[in-house]
2 protein chains.
Amino acid sequence: MRRNPSSPAVNWVVSGPDTERVLELDETDRMILSELQRDGRMTNVELARRIGMSAPPCLRRVRRLEELGVIRGFHAELDAAQLGWPVSFFVLVGLDSQKSQVLEEFEQTVIGWPELQACHMLNGAEDFLLHVLARDAAHQQRLIHELTEMTHVVRLRSFQDIRTLSPHKGVPL
Amino acid sequence: MRRNPSSPAVNWVVSGPDTERVLELDETDRMILSELQRDGRMTNVELARRIGMSAPPCLRRVRRLEELGVIRGFHAELDAAQLGWPVSFFVLVGLDSQKSQVLEEFEQTVIGWPELQACHMLNGAEDFLLHVLARDAAHQQRLIHELTEMTHVVRLRSFQDIRTLSPHKGVPL
DNA sequence: TATGAAAGTCGCTAACC
DNA sequence: GGTTAGCGACTTTCATA
């Protein structure tokens, strides 16, 4: 495979909290990200071979993508059910206030839960969407009960996750 | 660090579609999974060093965990916003039928979307929870409109994801 | 059945073009 | 972005408990 010598670079204006910069990613960077998103343990020489480049510049690009924060990390994807967490559910939570202090207090509490898989702050009518694991139904009920008892929590709807399709689809590239 | 010579093995009965087996994982396996969940690109020697074991048996354990399906894969975690997908939202979808054919048809359609990050089948009142990315608000509206126009879709609520807290917390170990 | 030591192969990565 | 080269990691083989 030979590298395309004139891949057009597509620039995105990235707005951060205290900086706004232009990310220059060419087609080669995109191929690197795509491969590493699919197989994050691939060796650098294998990655370089796949994108049609020698190893050193390929490694330099990976390092750059990590430094830019485009690559946030590498993780093993585990089977929660096999590890004793067969119950997966989502909770929509509504609070009685949207003041920063109230939101942050809620976040800090649930972030401390080992069972929490993700916590998304929403706008609209509900304030948070949580993804939580449990060992069994009783454990799940205990966690939901704990949420209902939290101060400022006024609405709570939970949804049982009975099947997750194609995990880790990843960001389109 | 020295390896615990008498780590109690905890067994979980794992029910699969056509098999039910007992997973034997000891504390060493758990440490391996924890480390690889945190840093999936760690070298095997570094991993072995952290869990207090020489490299060969450590590598054999990792391979075994992959073969058992406990480790499903390794993935780079990417920053969607920096890659031109700053809009993240969730959609609760209700269908007018819960027949297998209807559910599968819905799944097959949304699975084809590159913007789809996850598709969870629910029980309860709603049938699916989707996590979707978009390039901008217009793109998001287009995707939501496409869902409303799908046959059998009778309820649809979308939630804007304005902030994700601590991504990749991982399965508790 | 599992670990540990040794060794050959292969990958990583700095220095330089 | 490529080449080279020294070093370190990977992984097989075999010995051991």
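Here is how names work: the chains are called A, B, and so on, in the same order as the sequence lines, proteins then strands, and each is numbered from 1.
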Write down the distance between [atom1] ([X]) and [atom2] ([N]), rounded to a whole number of angstrom.
X: Met42(B); N: dC12(C); atom1: CE; atom2: C1'; result: 17 Å
X: Leu65(B); N: dA2(C); atom1: CG; atom2: C1'; result: 15 Å
X: Arg61(B); N: dT1(C); atom1: CZ; atom2: P; result: 15 Å
X: Leu59(A); N: dT13(C); atom1: CG; atom2: P; result: 5 Å
X: Arg41(B); N: dG11(C); atom1: CZ; atom2: P; result: 13 Å
X: Leu47(A); N: dC12(C); atom1: CG; atom2: P; result: 9 Å
X: Asn44(B); N: dT3(C); atom1: CG; atom2: P; result: 12 Å
X: Arg63(B); N: dT1(C); atom1: CZ; atom2: P; result: 21 Å

*Identify, between Ala55(A) and Ser54(B), the residue whose nearest nucleotide on DNA chain C lies closer to the 5' end.*
Ser54(B)
*Indicate yes or no for a side-chain donor-acceptor contact from Gln82(A) to the backbone of Leu68(B) under 3.5 Å, with no hydrogens or angles considered.*
yes
_Taking the basic N atoms (NZ, or NE/NH1/NH2) and the acidic carboxylate oxygens, is any pair closer than 4.0 Å for Glu107(B) and Arg163(A)?_
yes
*Salt-bridge test for Arg63(A) and Glu66(A): reply yes if a basic N is under 4.0 Å from a carboxylate O, no otherwise.*
yes
*With a non-hydrogen cut-off below 4.0 angstrom, is Arg64(B) in contact with a base, only sugar-phosphate, or nothing?*
nothing
*asked:* Less than 4.0 angstrom between a side-chain N/O of Arg60(A) and OP1 or OP2 of dG2(D), yes or no?
replied: no
*Taking the six-membered ring for Trp and the single ring otherwise, decide whether the centroids of His131(B) and His120(B) are under 6.0 Å apart.*
no
*asked:* Go nucleotide by nucleotide along DNA chain D from the 5' end; which of Pro57(A) and Pro56(B) gets its closest nucleotide reached first?
replied: Pro57(A)
